[in-house]
Amino acid sequence: MVCLGNICRSPLAEGILKSKVNAEQVMVTSAGTAAYHIGKGPDIRSVKVAKEHGIDIRLQKARQFKAADFEVYDYIFVMDQANFDNVVSLASTEKEKEKVQLILNEISPAMNSEVPDPYYGGEDGFKNVYDMLDLACDAINKKISI
Ligand code: 4NP
């Protein structure tokens, strides 16, 4: 799960998908394309909306996406087009590029919709992001379930 700062959207996406999958079969992590917040915990507003849904994301620590992640993960879900462009620019093969997908295309294929950046807005923005990610993670869970 990849966003810009790895403190608002992708920590929520990580927590939500982890709450749905079998941890023995699926490894879920998140990262940011930027380095601003490396080592920090999730934004308090993401922590709050996750908690309201019974999900604890407080132990996550922000990290930056790196090219080696392409070797580890089968799917790389990005929140918006800027994340998409930044992650794809680190890919070294077509196969790696194909791993990168806008997460909302899992619910509306090829619409290229974006999960809006809630950082500069209020708590409603985080609720909206949560609802979008919950739907997308349901679709991802169905897709990857064995
Ligand atoms: P995120 O949100 O990409 O969903 O983690 C942001 C967090 C921090 C900043 C921008 C977006 N920032 O500019 O510091």
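All ligand and atom numbering here is 1-based and tracks the order in the structure. Computed from heavy atoms alone, side chains included, the values below leave out hydrogens, waters and symmetry copies. Just so you know, residue 1 is the first one in the sequence shown, and it goes up from there.
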* Just heavy atoms, cut-off under 4.0 Å: does N6 contact ligand 1 by side chain, backbone, both, or neither? -> backbone

* Polar atom proximity, H37 to ligand 1 (N or O, under 3.5 Å) -> yes

* Asked: Would you say Y36 and ligand 1 have an N/O pair spaced under 3.5 Å apart?
  -> no

* If two hydrophobic side chains count as joined below 4.5 Å and joins carry through other members, does L4 share a cluster with V78? -> no

* Asked: Purely on distance, is any nitrogen or oxygen of C8 under 3.5 Å from one on ligand 1?
  -> yes

* Asked: Do other residues, nucleotides or ligands put more than 12 heavy atoms under 6.0 Å from K48 NZ?
  -> no

* Asked: Hey, are the side chains of T29 and Y73 touching, using non-hydrogen atoms and a 4.5 Å cut-off?
  -> yes

* Structure fact -> If we number the atoms of ligand 1 from 1 as shown, the ones under 4.0 Å from a heavy atom of Y120 are 13 (O)

* Are N86 and N83 linked by a side-chain donor-acceptor pair shorter than 3.5 Å? -> no

* Within a distance under 4.0 Å of any heavy atom of L4, pick out the atoms of ligand 1 and give their elements. => 3 (O), 10 (C), 11 (C)

* Is any NZ, NE, NH1 or NH2 atom of the basic residue among K97 and E94 found under 4.0 Å from an Asp or Glu carboxylate oxygen of the other? -> yes

* If you look at every heavy atom in P42 and I57, which pair is closest and at what distance? -> CG-O, 3.3 Å

* Structure fact -> atom 1 (P) of ligand 1 has as its nearest protein heavy atom C3 SG, 3.5 Å

* I7 neighbourhood, listing ligand 1 atoms whose heavy-atom distance to it stays under 4.0 Å -> 5 (O), 7 (C), 8 (C)

* State whether the side chain of D80 and the backbone N or O of V115 hold a donor-acceptor pair below 3.5 Å, judged by distance alone. => no

* Structure fact -> among protein heavy atoms, the one nearest atom 12 (N) of ligand 1 is Y119 CE2, 3.6 Å

* Asked: Is there a side-chain contact (heavy atoms from CB on, under 4.5 Å) between L102 and Q81 once you walk through the steps?
  -> CA-CA 7 Å; L102 283 165; Q81 191 62 43; 3.8 Å; yes

* Close N or O approach (G5, ligand 1; < 3.5 Å) -> yes

* Say whether V28 and F70 are linked into one hydrophobic cluster, either directly or through other cluster members, by side-chain heavy-atom distances under 4.5 angstrom. => no

* Asked: Which of the numbered atoms in ligand 1 are below 4.0 angstrom from a heavy atom of D117?
  -> 2 (O), 6 (C), 10 (C), 11 (C)

* To do: Decide whether the shortest distance between a heavy atom of M79 and an atom of ligand 1 is less than 4.0 Å.
  => no

* Taking heavy atoms and a distance under 4.0 Å, where does F126 meet ligand 1: side chain, backbone, both or neither? -> neither

